[in-house]
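Here is the structure we will look at.
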Amino acid sequence: MTQPLDELSFETQLVHAGERAGWPTGEPTTTPIYTATTYTYDSMVEVDRVFAGEERGYVYTRYGNPTVAALEEAVRLFEKGAGACAYSSGMAALHAALLACELEPGSVILASQDLYGVTLQLLNTVFAPFGVKVALVDLSERERLWAAARDLRPRAILVETISNPLLKICPIDVCAEVAREVGARLIVDNTFATPYLCQPLELGADFVVHSATKYLSGHADAIGGVVVARDEADLLALRGVVKTVGGVLSVWEAYGILRGLKTLALRMRQHCENARRVAERLASHPLIRRVHYPLLVENERETAARVLRALSGGGLVSIELKDGSREAAFRFMEALRLCVRATSLGDVFTGVLHPATSSHREMSPAQRAKLGISDSLIRISVGIEDVTDIIADLEQALEKSMR
Ligand SMILES: *Cc1c(COP(=O)(O)O)cnc(C)c1O
């Protein structure tokens with residue numbers, strides 16, 4: 001029994017006042033932000049059972065937290081998985097998914113050459129020094145993908161549903177077939193598509209990874225990551241990474257992301273519709289050399305029809321200016337008056353970035369050229385504003401990009 005506070009001294013009262021007063025009646029209609037790092041039990045037998053995983057409960061927030069668990073359950077449901085585990089960022093989530101593949105010295109990770117730049121750095125600077133071999137493939141060359149997989153027998157295959165910044169759609173169904181045949185685990189970074197557009201576990205992936213910082217949160221105010229596993233058996237490893245490596249998602253971020261998720265469908269519908277309008281409008285613009293948008297390319301349309309839940313090109317559009325100089329791209333960026341120059345995507349506002357000097361700046365110009373990322377390439381994460389305002393701003397900035 002807890003000792004009544006009025007029997008205790010002022011100093012002691014300060015520490016304990018107001019706490020552990022028991023749960024009132026009525027259940028909160030939305031999940032509160034549980035900032036408590038520890039949980040107490042009257043019965044030692046009970047806490048022992050919770051520690052052992054025999055009873056549901058919480059003991060310490062790095063092992064589990066009700067606010068974070070609410071987010072995990074939501075993303076698990078949307079991705080149709082057996083379970084989910086949240087992390088402090090998308091990168092921490094990718095790191096965990098890779099560790100859950102039981103890599104060891106000599107293991108091979110077969111990865112898309114078009115991966116997010118920092119993901120390539122993760123492979124090359126964190127995993128490679130431990131003897132893990134990294135092989136990159138162009139996923140649009142199917143024969144090469146099969147050949148590389150049969151030849152290298154990878155432990156893991158790592159791809160993104162929609163690539164950055166050229167917005168190629170990954171043939172996830174084919175990757176799953178390849179993974180099955182060679183006994184690899186397939187990890188799909190579904191950040192750009194979200195479960196609104198694609199559910200990779202249904203297509204045969206083993207793990208889905210999200211940078212929840214982007215569309216899931218959607219308001220440029222929370223950083224986090226989630227891994228969803230198709231098989232129950234993988235959850236222990238995913239939980240183990242949080243417990244031991246410690247990339248715990250903050251409860252404040254978990255709350256913000258959970259709140260964002262409620263409007264994911266509404267936002268995605270508008271992002272995708274606006275992106276389609278922007279792509280169609282800019283495709284014939286005299287100052288633009290090329291628009292990258294999946295539905296404008298026959299091959300990509302076919303893949304999209306197979307792997308996406310609705311025939312959509314997603315919420316991003318990339319453009320290459322006719323004037324191929326970096327200066328013209330900078331003039332365009334600086335002339336934007338509504339669209340925000342920002343290094344992220346998936347926010348409610350239209351965000352524009354210059355890959356050559358941001359996401360892909362660590363690469364040599366030769367590497368960038370090989371991937372098709374020119375100095376005049378600009379990536380637009382189309383927001384949910386009125387699309388006529390977005391197009392007007394892009395068009396006035398295009399005019400100003402000319403000398
Ligand atoms: C942003 C991003 C990441 C990294 O996520 P953080 O939350 O910034 O750590 C990983 N993959 C993709 C595709 C991303 O866009």
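Indexing begins at 1, ligand by ligand and atom by atom, following the structure's order.
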At the 4.0 Å heavy-atom cut-off, does D189 count as touching ligand 1?
yes
In terms of the angle between their ring planes, are F330 and H354 parallel, tilted or perpendicular, with boundaries placed at 30° and 60°?
perpendicular
re atom 8 (O) of ligand 1, the protein heavy-atom contact at minimum distance is S211 OG, 4.1 Å
For residues S112 and E160, is any side-chain donor paired with an opposing acceptor at under 3.5 Å?
no
Step by step, would you call E102 with R155 a side chain to side chain contact (heavy atoms under 4.5 Å, CB included)?
CA-CA 8 Å; E102 296 176 314; R155 180 64 59 85; 4.0 Å; yes
Using a 4.0 Å cutoff against the non-hydrogen atoms of F192, which atoms of ligand 1 qualify?
13 (C), 15 (O)
Report yes if G90 has an N/O atom closer than 3.5 Å to an N/O atom of ligand 1; otherwise report no.
yes
So if I count the atoms of ligand 1 from 1 in the order they appear, which ones are less than 4.0 Å from some heavy atom of S89?
7 (O), 9 (O)
Atom 3 (C) of ligand 1: closest protein heavy atom, distance to 0.1 Å, is Y116 CE2, 3.5 Å
L261 versus F78: any side-chain heavy-atom pair under 4.5 Å?
yes
Using side chain to side chain contact (heavy atoms under 4.5 Å, CB included), reason through L122 and L98 one step at a time and then give a plain yes or no.
CA-CA 10 Å; L122 171 70; L98 286 160; 3.8 Å; yes
Using the six-membered ring wherever Trp is involved, compare the ring planes of Y58 and Y39 and label them parallel, tilted or perpendicular (cut-offs 30° and 60°).
tilted
Heavy-atom proximity to atom 9 (O) of ligand 1 ranks first, among M91, E253, H95, for M91
Consider every N or O of E160 and every N or O of ligand 1, then say whether any pair is closer than 3.5 Å.
no
Tell me whether the count of non-hydrogen atoms from other residues, nucleotides or ligands lying under 6.0 Å of CZ in R368 goes above 12.
yes
Provide, to 0.1 Å, the distance between atom 2 (C) of ligand 1 and the closest protein heavy atom, together with that atom's residue and name.
K214 NZ, 2.5 Å
Taking the non-hydrogen atoms of L345, is any one of them nearer than 4.0 angstrom to ligand 1?
yes
